[in-house]
Q: 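Quick one: the structure is below, questions incoming.
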Amino acid sequence: MSNVLDVLEERGYVEQITHREELRELLAKGPVTFYIGFDATAPSLTLGHLIPILSALHLYRAGHRPIMVVGGGTTMVGDPSGKSEMRQLLKPETIAENVERFREQFSRFFNFEDGSAILVNNGDWLLDLNFMDFVREIGRHFTVNRMLAMEAYKSRLEAGLTFLEFSYLLIQSFDFLELFRRYNCRLQLGGNDQWSNILGGCELVRRVEGEEVYGLTLTLLTTATGVKMGKTEAGTVWLDAERTSPYEFYQYLRNVDDADVEKTLALLTMLPMEEVRRLGALEGSAINQAKEVLAFEVTKFVHGEEEARKARDAARAVFGGGGTHEGMPSTTLPRGRFAEGMDIVTLLAETSLVSSRSEARRLIDQGGITLGQERVESIDRVVTLEDFSGNELIIRKGKKIYHRVIVQ
């Protein structure tokens, strides 16, 4: 059986490793406890978070023990990595709410009941730290010169770097030390922008405990052109179905560029690499089969098979391949509101396809709104019951956003 590190590398997850051969040997010997941290900066995980989640699942299924760390403590500070200015500080109650949302989402993917996986909040050990004790025990192991040479800090010196942000490296490094002490955690995974923070944790454990631990950074979810994936016209692609519906989630993945199909299948699904390569090698119109598999598999993983089927059927219906519109985002309105007609701007506002009436007018002027098969040419267009097929009307915004209006 392949070493799980080989699997992660083959699928394209790995960017940097502190000591590759030593880590590979450690993973081959037996169960290794490892951790990944997630700062609770939003009320939901995003599509990009599937990279660390799935990399952890590969390790988990190979018999290793994951610790999913929710940053109830570190989020109070905010990671400066990759930021040109200071993050907005969240209220403690907002962070606590986000932490609970993360707990719920992680529980879909890992079994925290039998001890094979662990879920912790670093606020449990960070929020009650004594400042003087912390700087005496931890701060003395970090030199300012070395910290300023790190890209996360160096790039911010001219714009301004607060002491609050400067302390982030210390508290995340302390996480690794605390997890080593509590659970014999030997490996930290994180995004490639976390390399400096991970090195800090490895060095701290070595200095304080005299033990060797390891760090591994993961690729970020980007397109073939280097653009970060997970953004749409409507904003971020969330794992929370209330924020990004299963249909919208499916459609985002169904519409990835041809050049990104194989890479995305390898990173976001558990399909065998032989199948990933077969699908990625399809050309012409056949590549759409691979995109449908990608969208279905990832939507099933996040939202369950039933929702994935609904989303697939709705997408097939839109593009003329059969199926129903049932899984499409929809708005139900009283039939009587269309008896004398509803102007198109009001209808777009009612469906939340636009954030304002001015946006609706701009989209219409640009030819960006379609009712059924008819492009809307004027803001004076009035929608009546005659526009409906049965009890529904499909509105398309731009090229890829569809919404179903139902009358009853």
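FYI, the numbering just counts along the sequence from 1.
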Q: Is there a donor-acceptor contact under 3.5 Å linking the side chains of Gln408 and Thr332?
A: no

Q: Between Ile395 and Leu371, is there a side-chain heavy-atom distance shorter than 4.5 Å?
A: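 The answer is yes; the side chains approach within 4.5 Å.
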
Q: For Asp128, does the CG atom have more than 12 heavy-atom neighbours from other residues, nucleotides or ligands under 6.0 Å away?
A: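 Counting other residues, nucleotides and ligands, CG of Asp128 stays at 12 neighbours or fewer.
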
Q: Which pairs with one or both residues in residues 295-307 pass side chain to side chain donor-acceptor pair (under 3.5 Å), sequence neighbours excluded?
A: Glu305-Arg309

Q: For the atom pair CZ (Phe34) and CD1 (Ile118), what is the distance rounded to the nearest 0.5 Å?
A: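 So the gap between those two atoms works out to 10.5 Å.
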
Q: Tell me the closest heavy-atom pair linking Arg65 and Tyr183, and the distance in Å.
A: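 Smallest interatomic distance, heavy atoms only, reads NH2-O, 3.3 Å.
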
Q: Quick check on side-chain contact (heavy atoms from CB on, under 4.5 Å): which of Val298, Asn288, Leu294 does Arg254 satisfy it with?
A: Asn288

Q: Under the side-chain contact (heavy atoms from CB on, under 4.5 Å) criterion, do Ile369 and Leu348 qualify, and how do the steps go?
A: CA-CA 9 Å; Ile369 298 296; Leu348 291 174; 4.0 Å; yes

Q: When the ring centroid of Phe110 is compared with that of Tyr60, is the distance short of 6.0 Å?
A: yes

Q: Which pair of non-hydrogen atoms, one from Ile364 and one from Ile379, has the smallest distance, and what is that distance?
A: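 Result for this residue pair: CG2-N, 3.8 Å.
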
Q: Flag the pair Lys397 and Glu359 as a salt bridge only when some basic side-chain nitrogen lies within less than 4.0 angstrom of an acidic carboxylate oxygen.
A: yes

Q: Do Arg381 and Asp387 sit within salt-bridge range, that is, some charged N less than 4.0 Å from a carboxylate O?
A: yes

Q: Where is the tightest heavy-atom contact between Cys185 and Phe176, given as atom of each residue plus distance?
A: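 Closest heavy-atom pair between Cys185 and Phe176: O-CE2, 3.6 Å.
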
Q: Got a sec, which residues hit salt bridge (Lys or Arg N to Asp or Glu O under 4.0 Å) with Glu350, two or more places apart in sequence or on another chain?
A: Arg337

Q: Side chains of Leu126 and Glu178, heavy atoms from C-beta outward: is any pair under 4.5 Å?
A: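 Side-chain contact under 4.5 Å: no.
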
Q: Under a 3.5 Å threshold, yes or no: a donor from one side chain and an acceptor from the other, between Thr74 and Asn122?
A: yes

Q: Are side-chain N/O atoms of Thr222 and Lys263 paired as donor and acceptor at under 3.5 Å?
A: yes

Q: Indicate yes or no: at least one non-hydrogen side-chain atom of Leu50 is less than 4.5 angstrom from one of Leu221.
A: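 Counting from C-beta outward, Leu50 and Leu221 never come under 4.5 Å.
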
Q: Could you tell me how the ring of Phe106 sits relative to the ring of Phe102: parallel (under 30°), tilted (30 to 60°) or perpendicular (over 60°)?
A: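 Phe106 vs Phe102 ring planes: perpendicular.
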
Q: Ala266 and Met273: which non-hydrogen atoms are nearest, and at how many Å?
A: CB-SD, 4.0 Å

Q: Would you mind checking if Glu97 and Lys91 are paired as a salt bridge, meaning a charged N to carboxylate O distance below 4.0 Å?
A: no

Q: Is it the case that over 12 heavy atoms from other parts of the model lie below 6.0 angstrom from the CD atom of Glu283?
A: no

Q: Decide whether Thr346 and Asp343 meet the rule of one side-chain donor and one side-chain acceptor closer than 3.5 Å.
A: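 Looking only at side-chain atoms, Asp343 and Thr346 do form a donor-acceptor pair, the distance falling under 3.5 Å.
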
Q: Looking at every non-hydrogen atom in both residues, tell me the closest pair between Cys202 and Thr18 and how far apart they are.
A: SG-CG2, 4.3 Å

Q: Is a donor from one side chain sitting under 3.5 angstrom from an acceptor on the other, for Ser116 and Asn111?
A: no

Q: Do Tyr168 and Asp39 have side-chain atoms, one donor and one acceptor, less than 3.5 Å apart?
A: yes

Q: State, with a plain yes or no, whether a side-chain heavy atom of Ile17 is found less than 4.5 Å away from one of Glu9.
A: yes

Q: Does the side-chain contact (heavy atoms from CB on, under 4.5 Å) test come out yes or no for Lys310 and Tyr247, once each step is laid out?
A: CA-CA 8 Å; Lys310 288 180 182 178; Tyr247 174 79; over 6 Å; no

Q: Give the minimum heavy-atom separation between Ile198 and Leu189, together with the two atoms involved.
A: CD1-C, 4.2 Å

Q: Run the salt-bridge test on Glu275 and Arg278 with the 4.0 Å N-O cut-off and return the result as yes or no.
A: yes

Q: For residues Leu271 and Val293, determine if any side-chain heavy atom of one lies less than 4.5 Å from a side-chain heavy atom of the other.
A: yes

Q: Taking it one step at a time, do Phe109 and Phe301 satisfy ring-ring contact (aromatic ring centres under 6.0 Å, His included)?
A: CA-CA 8 Å; Phe109 312 120; Phe301 176 71; 4.7 Å; yes

Q: With a 6.0 Å cut-off (strictly less than), is the heavy-atom count around CZ of Arg357, excluding the residue itself, greater than 12?
A: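 Yes, CZ of Arg357 has more than 12 neighbouring heavy atoms, counting only those of other groups under 6.0 Å.
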
Q: If we only count heavy atoms from C-beta on, is the Ile67 to Arg182 side-chain gap below 4.5 Å?
A: no

Q: I'd like to know if Glu242 pairs up with Arg101 as an ion pair, taking the criterion as any Lys NZ or Arg NE/NH1/NH2 lying under 4.0 Å from an Asp or Glu carboxylate oxygen.
A: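 Arg101 and Glu242: not salt-bridged.
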
Q: Could you walk me through whether Tyr35 and Val120 pass the side-chain contact (heavy atoms from CB on, under 4.5 Å) check?
A: CA-CA 10 Å; Tyr35 94 94; Val120 296; over 6 Å; no

Q: Side-chain donor-acceptor pair under 3.5 Å between Gln188 and Gln194, yes or no?
A: no

Q: Can a side-chain donor-acceptor contact be found between Asn192 and Gln16 if the only test is distance below 3.5 angstrom?
A: yes

Q: Suppose the criterion is ring pair (Phe, Tyr, Trp, His ring centres under 6.0 Å): which pairs have a residue in residues 272-299, not counting sequence neighbours?
A: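 For residues 272-299: none.
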
Q: Around atom CZ of Arg375, are there more than 12 heavy atoms from other residues, nucleotides or ligands closer than 6.0 Å?
A: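 It does not: Arg375 CZ has 12 such atoms or fewer within range.
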
Q: Answer whether the closest heavy-atom distance between the side chains of Arg243 and Pro43 falls below 4.5 Å.
A: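 Sidechains of Pro43 and Arg243: in contact.
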
Q: Is a side-chain donor-acceptor pair under 3.5 Å present for Arg404 with Thr351?
A: no

Q: Are any non-hydrogen side-chain atoms of Arg206 and Val213 less than 4.5 angstrom apart?
A: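 No, every pair of side-chain atoms sits at 4.5 Å or beyond.
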
Q: Between Arg20 and Asp6, is the salt bridge (Lys or Arg N to Asp or Glu O under 4.0 Å) condition met? List the steps.
A: CA-CA 11 Å; Arg20 183 190 182 280; Asp6 298 334; 3.4 Å; yes

